K.L.:
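Take a look at the following structure, please.
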Amino acid sequence: MVKATKDVKGKAVTLKDADAAKFVAAYAKHLKAQGKLEIPKWTELAKTGTMCELAPQDPDWFFNRVASVARQVYIRSGSGIGGLRKRYGGSYQKNCIRPHFQRAAGGPIRKALQSLEALGILEKKVDGGRQITAKGAQDMDRIAAGVVLGQ
């Protein structure tokens with residue numbers, strides 16, 4: 001990976017050193033500030049899966065999902081839509097039926113991956129799935145260093 005800013009001990013800070021929630025919030029803010037990310041028109045109406053009763057209340061939920069998907073692909077290279085659907089799935093319980101696991105909706109994840117590919121952050125692997133490009137890793141490591149070092 002591309003080396004980013006160094007911490008107090010002189011080690012390079014990467015995405016794996018940053019707190020997940022803080023990094024996703026910072027990276028979503030970065031993507032929104034860039035203004036290059038295309039948001040589908042249906043995002044204000046769509047649910048994230050059948051296990052959800054309502055659509056997300058946060059108006060910037062798609063930026064958060066894109067940032068989270070980018071982090072997941074960075075950590076686990078080769079992830080595809082099916083694996084990410086399992087990752088973002090949850091418990092589905094309807095009335096008195098016992099809860100069962102339900103996969104997340106594939107549409108938002110697919111659009112997130114496609115938009116990250118359009119930005120040059122992700123690329124398709126030859127044997128399936130997606131992986132982070134060098135430019136994407138450098139960008140994510142830089143933002144992670146800002147989160148870790150408190151900038």
Side-chain angles (χ1 to χ4, degrees), residues 1-5 13-95 97 99-148 151:
M1 292 289 152
V2 179
K3 289 190 177 184
T5 311
V13 177
T14 63
L15 172 69
K16 294 182 181 182
D17 299 325
D19 180 49
K22 290 179 183 176
F23 172 77
V24 168
Y27 196 57
K29 185 178 176 184
H30 169 73
L31 290 172
K32 187 174 182 180
Q34 259 185 337
K36 296 179 183 177
L37 187 69
E38 286 190 36
I39 302 174
K41 295 178 183 176
W42 47 259
T43 54
E44 56 195 37
L45 303 172
K47 298 192 315 180
T48 56
T50 56
M51 68 278 185
C52 300
E53 190 172 335
L54 299 171
Q57 298 298 310
D58 183 14
D60 296 332
W61 74 269
F62 191 71
F63 290 105
N64 292 332
R65 179 56 59 98
V66 170
S68 179
V69 164
R71 181 183 172 276
Q72 289 298 319
V73 174
Y74 182 103
I75 290 173
R76 190 168 175 235
S77 182
S79 296
I81 296 168
L84 291 169
R85 284 184 67 196
K86 284 186 230 171
R87 169 67 181 84
Y88 292 109
S91 179
Y92 178 65
Q93 183 175 7
K94 188 173 183 181
N95 297 338
I97 301 172
H100 297 284
F101 180 80
Q102 184 72 37
R103 290 181 175 200
I109 294 171
R110 186 176 304 106
K111 288 295 180 183
L113 290 171
Q114 289 171 353
S115 61
L116 286 169
E117 282 180 15
L119 291 175
I121 296 170
L122 294 182
E123 63 186 6
K124 289 186 179 179
K125 286 183 80 171
V126 176
D127 56 343
R130 307 292 204 291
Q131 66 184 5
I132 297 287
T133 61
K135 175 193 164 203
Q138 183 180 15
D139 194 31
M140 294 172 78
D141 286 341
R142 181 179 48 79
I143 293 170
V147 169
V148 170
Q151 296 174 350

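Because the structure is predicted, anything quoted here is derived from the model rather than measured.
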K.L.:
Which pair of heavy atoms, one from Ile109 and one from Ala104, lies closest together, and at what distance?
P.N.:
CD1-CB, 4.5 Å
K.L.:
So how far is it from Arg130 CZ to Gln72 CD, rounded to the nearest 0.5 Å?
P.N.:
15.0 Å
K.L.:
For a 4.5 angstrom cut-off between non-hydrogen side-chain atoms, does Tyr88 reach Pro108?
P.N.:
no
K.L.:
Roughly how far, to the nearest 0.5 Å, is CD of Gln93 from NE2 of His100?
P.N.:
9.0 Å
K.L.:
Could you report the tightest heavy-atom contact between Lys111 and Trp42, atom names first, then the distance?
P.N.:
CG-CZ2, 3.5 Å
K.L.:
Do Gln131 and Ser77 come close enough that some side-chain heavy atom pair is under 4.5 Å?
P.N.:
yes
K.L.:
Could you tell me whether a side-chain N or O of Ser91 sits under 3.5 Å from a main-chain N or O of Phe101, the two making a donor and an acceptor?
P.N.:
no
K.L.:
Other residues, nucleotides and ligands only: do more than 12 of their heavy atoms fall within 6.0 Å of CD on Gln34?
P.N.:
yes
K.L.:
Any pair with a residue in residues 105-148 that passes ring-ring contact (aromatic ring centres under 6.0 Å, His included), sequence neighbours left out, goes on the list, sorted by first then second residue, please.
P.N.:
none
K.L.:
Counting heavy atoms not belonging to Lys125, are there more than 12 under 6.0 Å from its NZ?
P.N.:
yes
K.L.:
Within the 4.5 Å heavy-atom criterion, are Phe63 and Ile39 side-chain neighbours or not?
P.N.:
yes
K.L.:
Check whether any side-chain heavy atom of Leu119 lies under 4.5 Å from a side-chain heavy atom of Leu31, and answer yes or no.
P.N.:
yes
K.L.:
Name the residue from Lys29, Lys32, Arg65 that meets the side chain to side chain donor-acceptor pair (under 3.5 Å) definition with Asp60.
P.N.:
Lys32
K.L.:
For the residue pair Val73 and Leu113, establish whether any side-chain heavy-atom pair is separated by less than 4.5 Å.
P.N.:
yes
K.L.:
First locate atom CG of Leu116, then atom CG of Leu37, and finally report the distance between them rounded to the nearest 0.5 Å.
P.N.:
7.0 Å
K.L.:
Which atoms form the tightest heavy-atom contact between Phe23 and Ala18, and what is the distance?
P.N.:
CB-CB, 4.2 Å
K.L.:
Taking the side chain from Ser79 and the backbone from Leu84, do they hold a donor-acceptor pair closer than 3.5 Å?
P.N.:
no
K.L.:
Between Tyr27 and Arg71, is there a side-chain heavy-atom distance shorter than 4.5 Å?
P.N.:
no
K.L.:
Which pair of non-hydrogen atoms, one from Ala112 and one from Val66, has the smallest distance, and what is that distance?
P.N.:
CB-CG2, 3.7 Å
K.L.:
For Val147 and Ala26, which heavy atoms make the closest approach, and how far apart are they?
P.N.:
CG2-CB, 3.7 Å
K.L.:
First locate atom NZ of Lys135, then atom CG of Leu122, and finally report the distance between them rounded to the nearest 0.5 Å.
P.N.:
11.0 Å
K.L.:
Side chain of Asp17, backbone of Thr14: donor and acceptor closer than 3.5 Å?
P.N.:
yes
K.L.:
So, taking the atom named OH in Tyr74 and the one named NZ in Lys16, what distance separates them when rounded to the nearest 0.5 Å?
P.N.:
7.0 Å
K.L.:
Distance check, rounded to the nearest 0.5 Å: Ile132 atom CD1 versus Asp139 atom CG?
P.N.:
10.0 Å
